[in-house]
Amino acid sequence: MADLKVYNTLSRQKETFTSLIPGRVGMYVCGPTVSGESHLGHARPFITFDVIYRYLTHLGYAVRYVRNITDAGHFEEEGREAEDKISEKAVLEKLEPMELVQKYTNLYHWAMRRFGNLDPSIEPTATGHIVEQIGMIQQIIKEGFAYEANGSVYFDVDKYNTHYKKLGQPYGILSGRILEDLKESQRELDNQEEKRNKADFALWKSAPPEHIMRWASPWGEGFPGWHIECSAMSTKYLGPRFDIHGGGMDLEFPHHECEIAQSTVCNHEMPARYWLHNNMITINGRKMGKSYNNTIKLTELFSGSHHLLDQPYSPMTIRFFILQTHYRSTLDFSNDALRAAEKGLRRLWESYEALKKLPGSLAVANAGAATNAAAAGAQPAAAPTDPELDVKVNRLLDEMDESMNDDFNTAKVLANLFELAPVVNGIKDGHVKTNALSAQTYSRLNSYYKAYLEDVLGLQDEKGGDDQLLQNVLQLLIDLRKEARTKKDYATSDKIRLQLLDMGVMLKDEKDGNVSFTIN
RNA sequence: GGUCCUGUGGCCGAGUGGCUAGGCAGAGGUCUGCAAAACCUUUUACAGCGGUUCGAAUCCGCUCGGGACCUCCA
């Protein structure tokens, strides 16, 4: 199998992935700030890195996947109103800060489940690691790269840059920025007088009296700066140097840049080896984000209750929609695109259902042939009667591995599955002969379908047919309709079908006389 | 202003030098009591101009358009 190649933002090129410890991978992904409801834009990194997590696992790595929850609240550290967002909103909503945080954390977890995202190995919270953050800040001060001013502590970017430039790691190494340029281009902001330089960033902020979230520290009561939590938690759970750090492209600067600076000062090495960044979801060509006031919340997406939505879209539709684009490309939202994804997913999933229903027949039939052939001293595997198709199927399967190994090209994997779907459907319809493929190829087809669709891409069945009572009732209706059709009583049979359709149950008469149904 | 990314057919979107991407939509057909699905066939591409090359959507230059970061941000 070809090597796994990943695009490393640090080097701006694809690199062959190797883990620090053979067989093990440490991965840190920046999680959500739970000061509000997640929107479609937030879904992208969590689905992207869920697939990366799944794929690394699929390759046999034991992965420790750490994804934090930022519940201490960011603040506009260089901002106009240096105020904790969470505490501000808490006042508005008349809730305890932690009550608010709990509410949005629960909502976020609910959304992650619905998307079929696996739980990370560790999901540390910022508020749960104040001690570690303070310890790290003390260490940075001790190393001489931070200074205190009026109960706040700032990172000395200038000094860091001067010192680490010599070691080949200037400030801006990740985002390609030059500190001197930054100084010129930075905006004039208020409340900067405590900083020695504009590029400096807060490690600890002194809390004004109205600030609700506050902790005691060596510098007085306050709260941690935005960037320090990720440095503290990644170091604690993955060590000073780990394999993968992920997040959205908009975090590249300044967040990840600052993380690198902090961790490097404390641990004397670049924290992560591979920095992976997903691109943004756009809407009408513009990034979906708070600042643009163009977000669609996940609850709105699932229910269809947003003026830009023509209909509700299920979590799996959104997952599929996201995976149909490479993670480093922008992905433009539109109803047409979502609808296309919904239909495409249904088509693909139905071919998978069809495949699952014909398991043994083909394999057994061909395996039987193989056994006989082997007994006769011939080739151990049954030869395909359609070698051309057999080769094509194998090529499509091989390409799926190659595509994932090429920086997680899920779009290409899905395209190949779409090319395999007619083969599967053809076997089901009987129009592709059962022995067209060799037993071995057929078995590969089966295992790849499952491995990719379910295990790697994390897609799952959404039809709500789990209820046994509902299944039984539907079966009764199907039987009644079948009887009516036998008697050519089409008025009755159509009534059953059409009324069920109104209720969201679609019946389909299969070629073999069976009736299948899908529930919306 | 600085740094960087990007422009593919009606829509969405792979693809980095020669090989039909794929999905959705559209058209025709097969099947079917009808419907849906499925299957087969099929129309519409690579922003513009110039260059490199035997050959470019793919490399280079210019022009035009779109976007991201530089401020909280996935």
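Predicted model only: the values in this text are computed from it and were never measured. A, B, ... follow the sequence lines: proteins, then strands. Residue 1 opens every chain.
A close approach under 4.0 Å does occur between a side-chain nitrogen or oxygen of A:Arg286 and OP1 or OP2 of B:G67. At the phosphate of B:A14, OP1 or OP2 sits under 4.0 Å from a side-chain N or O atom of A:Ser329. Between A:Arg67 and B:A74 there is no side-chain N or O to OP1 or OP2 distance below 4.0 Å. Side-chain N/O atoms of A:Asn409 include one lying less than 4.0 angstrom from OP1 or OP2 on B:G15.
Contact check for A:Arg339 versus A:Tyr313: side-chain heavy atoms found under the 4.5 Å cut-off.
Atom name C1', nucleotides B:C46 and B:G7: the rounded distance is 10 Å, in whole Å. Using P as the reference atom, B:C60 and B:U71 are 30 Å apart when rounded to the nearest Å. Between B:A47 and B:G28, the two P atoms lie 32 Å apart (nearest whole Å). Straight-line distance between the C1' atoms of B:C31 and B:U41: roughly 15 Å, to the nearest whole Å. Rounded to whole Å, the P atom of B:U44 lies 30 Å from the corresponding atom of B:A35. Nucleotides B:A38 and B:C24 are separated by 8 Å at their P atoms, to the nearest Å.
Across all strands shown, A:Leu338 has no heavy atoms under 4.0 Å from either base or sugar-phosphate atoms. Across all strands, A:Met249 comes closer than 4.0 Å to no nucleic acid atom at all (heavy-atom distances). A:Leu417 comes within contact range of no nucleotide atom at all, as no heavy-atom separation falls under 4.0 Å. Heavy atoms of A:Glu419 sit under 4.0 angstrom from primed sugar atoms or phosphate atoms, though from no base atom. Base contact: A:Ser493 has a heavy atom under 4.0 Å from a base atom. Looking at heavy-atom distances under 4.0 Å, A:Phe49 makes no contact with the nucleic acid at all. Within the 4.0 angstrom heavy-atom criterion, base atoms lie near A:Arg497. At a threshold of 4.0 angstrom between heavy atoms, the contacts of A:Gly41 include nucleobase atoms, whether or not backbone atoms are also involved. Contacts of A:Asn425 with the nucleic acid, taken as non-hydrogen atoms under 4.0 Å apart, involve only primed sugar atoms and P, OP1 or OP2. As judged by a 4.0 angstrom heavy-atom cut-off over every strand, A:Arg339 is placed among residues making no nucleic acid contact. At the heavy-atom level, A:Lys343 lies under 4.0 Å from the strands shown only through sugar-phosphate atoms. At a threshold of 4.0 angstrom between heavy atoms, the contacts of A:Asp429 are confined to the sugar-phosphate backbone, with no base atom among them. Counting non-hydrogen atoms under 4.0 angstrom, A:His255 reaches nothing in the nucleic acid.
Side-chain proximity of A:Arg485 to B:G33, B:U20, B:G67: nearest is B:G33. Of the candidate nucleotides B:A14, B:A74, B:C69, B:C69 has the atom nearest to the side chain of A:Phe253. Counting only heavy atoms from C-beta on, A:Asp494 has its side chain closest to B:G33 among B:G33, B:A21, B:A74. Of the candidates B:A37, B:A74, B:C39, the closest approach to any side-chain atom of A:His39 belongs to B:A74. Here B:G23 is the nucleotide among B:G23, B:C70, B:A74 with the atom lying nearest to any side-chain atom of A:Ala340. In the set B:G22, B:C70, B:A74, B:A74 carries the atom at the smallest distance from any side-chain atom of A:Ile281. Listed nucleotides B:G13, B:A74, B:C70 differ in distance to A:Asp332; the shortest reach to its side chain belongs to B:G13. Of the candidate nucleotides B:G33, B:G23, B:A74, B:G23 has the atom lying nearest to any side-chain atom of A:Gln324. Nearest to the side-chain atoms of A:Asp181 among the listed nucleotides B:C24, B:C70, B:G2 stands B:G2. Comparing B:A14, B:A74, B:G23 by their nearest atom to the side chain of A:Asn278 picks out B:A74.
Ring geometry for A:His42 against A:His39 counts as tilted: the plane angle lies between 30° and 60°, on a 0 to 90° scale. Between A:Trp275 and A:His256, the ring-plane angle classifies as tilted under the 30° and 60° cut-offs. Relative ring orientation between A:Phe302 and A:Phe115 is described as perpendicular, the plane-to-plane angle rising above 60° on a 0-90° scale split at 30° and 60°. A perpendicular orientation is assigned to the rings of A:Tyr171 and A:Phe253, their planes being inclined by more than 60° (bins at 30° and 60°).
Stacking between A:Tyr490 and the base of B:G33 is present: ring centres sit under 5.5 Å apart and the planes differ by under 30 degrees.
Annotation: of the two residues near RNA chain B, A:Phe333 and A:Gly176, the 5′-most nearest-nucleotide partner is A:Gly176. Nearest-nucleotide positions on RNA chain B place A:Ala337 closer to the 5' end than the other of A:Val423 and A:Ala337.
Within the 3.5 Å criterion, the main-chain N or O of A:Val157 finds no donor-acceptor partner in the side chain of A:Asn197.
At a cut-off of 3.5 angstrom, counting only N and O atoms as typed in the model, there is no donor on one side facing an acceptor on the other between the side-chain of A:Asp336 and the base of B:G10. With hydrogens and angles ignored, a donor-acceptor pair closer than 3.5 Å exists between the side chain of A:Asp509 and the base of B:A35. In this model, a side-chain donor or acceptor of A:Ser291 finds a partner on the base of B:C72 within 3.5 Å.
Of the options A:Lys482, A:Arg485, A:Arg497, a side-chain hydrogen bond (donor to acceptor under 3.5 Å, both in side chains) to A:Asp509 is made by A:Arg485 and by none of the others. Just one of A:Lys14, A:Lys412, A:Lys5, A:His326 meets the side-chain hydrogen bond (donor to acceptor under 3.5 Å, both in side chains) condition when paired with A:Asp406; it is A:Lys14.
The CG-P distance, from A:Leu507 to B:C34, rounds to 17 Å in whole Å. Between the NE2 atom of A:His256 and the P atom of B:U71 there is a distance of 16 Å, rounded to whole Å. Atom-to-atom, OH of A:Tyr292 to C1' of B:G66 comes out at 13 Å; the value is rounded to the nearest Å. Rounded to whole Å, the distance from CZ on A:Arg481 to C1' on B:A36 is 10 Å. One atom, CZ of A:Phe321, and another, C1' of B:G22, lie 16 Å apart when rounded to the nearest Å. Rounded to a whole Å, the CZ atom of A:Phe418 is 5 Å from the C1' atom of B:G23.
With a cut-off of 3.5 Å on both Watson-Crick or G-U wobble distances, the partner of B:C4 is given as B:G67. Base pairing analysis places B:G55 opposite nothing; no Watson-Crick or G-U wobble pair with both distances below 3.5 Å involves it. Base pairing of B:G9: no nucleotide in any strand meets the Watson-Crick or G-U wobble criterion (both distances under 3.5 Å). In this entry B:U42 has B:G26 as its Watson-Crick or G-U wobble partner, both defining distances falling under 3.5 Å.
A salt bridge is defined here as a Lys NZ or Arg NE, NH1 or NH2 lying under 4.0 Å from an Asp or Glu carboxylate O, and A:Asp156 with A:Arg196 meets this definition. Using a cutoff of 4.0 Å between basic side-chain nitrogens and carboxylate oxygens, A:Asp494 and A:Arg481 are not scored as salt-bridged.
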